[in-house]
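A quick write-up on the structure given underneath.
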Amino acid sequence: MKTHSTLTRMLHKVLLITCLGAAAAGVQAAEDYSSFLRPAEIPQPDNNRITTARTELGKMLFFDPRLSGSNWISCGTCHNPALGWSDGLPTAIGHGMGVLGRATPTILNTAYQPLQFWDGRARTLEKQALGPIKAAGEMNQDLDEVIKELSVLKGYRDAFEDAYPGEGITKKTLAKAIATYERTIVSTESPFDRWVKGETHAMSKTAQQGFEVFLGKGRCVLCHGGFNFTDNGFHNLGLKGDDDPGRYGIRKVKILKGAFKTPTLRDVELTAPYMHNGMYKTLEEVIDHYNRGGDTKDNLDPNMQPLHLNASEKAGLVAFMKALTGEPAPVTLPRLPVE
Amino acid sequence: MQTQSKQKLLHAAFIIAAMLTTITAQAAEIVVDQHNKTFVVEGNKVEAITINAGDTLRFRNDDPFFHNIFSLSDLKTFDLGSFPKGQSKTVTFDKAGMAEVECAIHPEMYMEVTVK
Ligand SMILES: [Cu+2]
């Protein structure tokens, strides 16, 4: 029976390791913060590298309301750089002042996200860019129509030729230019980044304590990890009264019912109200939600659980999130072609 | 206290596992770890794997958060549900063809399984 007892011991060890693993879940090694620093290059596809001409054209298109059916709404109407590249509303307002079902997500750092939209239905920014222009409830534009309208303007003909020589003004180049501009909208250095790089006083003591909670007891890092503070994943957070199927509309897998993409936390201070339906006005309300372990338990993400945070831990988390706000990066508006 | 009954349980599990192994002696079980939101086989990140019909993939979570492995492929449709660090779930591929396997929570985790 020697084999058996050795095996039993081995199995016990495995069991023990498993238990220890579960106990340690959510706690990250305190000294390694390199994963929170910016990657060397903005991710960009080989067939649409970032150039100045493409960025400038993309910016013109982004801020041009003539891209909408009403000639009144631009990408920048909802993705307003003065409001953290969002709109400050619980959910967006689109064509004909219609109120939409989901909040306008910031476009900050979307270059770093492999899937676009709250439900991840677009795999690239090129595929994303045309979506809201076409959507009846959003910019309500016929794409062939907008190509015609842009083609009569010499300013656009030249800008497209500079950006995409010989490719013309097409849906493809339109999407590529907007996607390029979106890729250049990246977060700037925040107190947290300076602290990681060794500036001990860049972040307040409260924020530093909040970061500890973020990595440990608060379990935030389980989903909000890495440079962009997101796992690029999909989670049902148990929001009270919300019946939006979310990612389940794209992938019919049970866990995805009511699941939405984890948003970045960079500049999160600037993008209230919060959640995909904008139901929380402040970061404090968001922390209280997580502290309760969510409200609706049906199909709740398994990472969610009551956190038992005290007042100072909650205050620390909020201070830490505010330390993720980057230096202001003023945006100069382009002069749009009139002929 | 509970250790003895646990031991008995583990013994029984071992015997059953041994019996099953004998029955399907020719089929292999390949462990696919979920580590840092990637699929890892024998220490290497994989995005494609070739197995034989009858083989079983054991998906084992090595990350401190949940994963949920699934496939909606014609060859094999399955949803292993979500499971935490240290736990594993198996799926057996009995027909030849190709299946796309993904994590529902983290769609960056994607792997093609070719069954010969
Ligand atoms: Cu996963």
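What you see is a predicted model, and the numbers here were worked out from it, not measured in a lab.
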Using 0.5 Å steps for rounding, measure from the CG atom of A/N303 to the OG atom of B/S82. 8.5 Å

The reported gap from NZ in A/K252 to CG in B/L72 (rounded to nearest 0.5 angstrom) is 10.0 Å

Of the backbone (N, CA, C, O) and the side chain (C-beta and beyond), which part of A/P114 lies under 4.5 Å from a heavy atom of chain B, both, or neither? side chain

Residue among A/R251, A/K261, A/R247 satisfying side-chain contact (heavy atoms from CB on, under 4.5 Å) with B/P107: A/R247

Should the heavy atoms of other residues, nucleotides or ligands under 6.0 Å from NZ of B/K116 be counted, would the total exceed 12? no

Spacing of A/D231 atom CG and B/I105 atom CD1 [to the nearest 0.5 Å]: 8.5 Å

Hey, mind stepping through B/H106 and A/N232 against side-chain contact (heavy atoms from CB on, under 4.5 Å) and telling me if it holds? CA-CA 7 Å; B/H106 312 105; A/N232 301 313; over 6 Å; no

If you count heavy atoms of other groups shown closer than 6.0 angstrom to CG of B/D74, is the number above 12? no

Okay, B/F70 and chain A: the region with an atom under 4.5 Å from a heavy atom over there is side chain

Neighbour count >12 (heavy atoms, 6.0 Å) for atom CD, B/E42: no

Pair count under 4.5 Å, heavy atoms only, with chain B: among A/C223, A/P302, A/G233, highest is A/P302

Say you draw a straight line from CD1 of A/I255 to SG of B/C103; how long is it, rounded to the nearest 0.5 Å? 7.5 Å

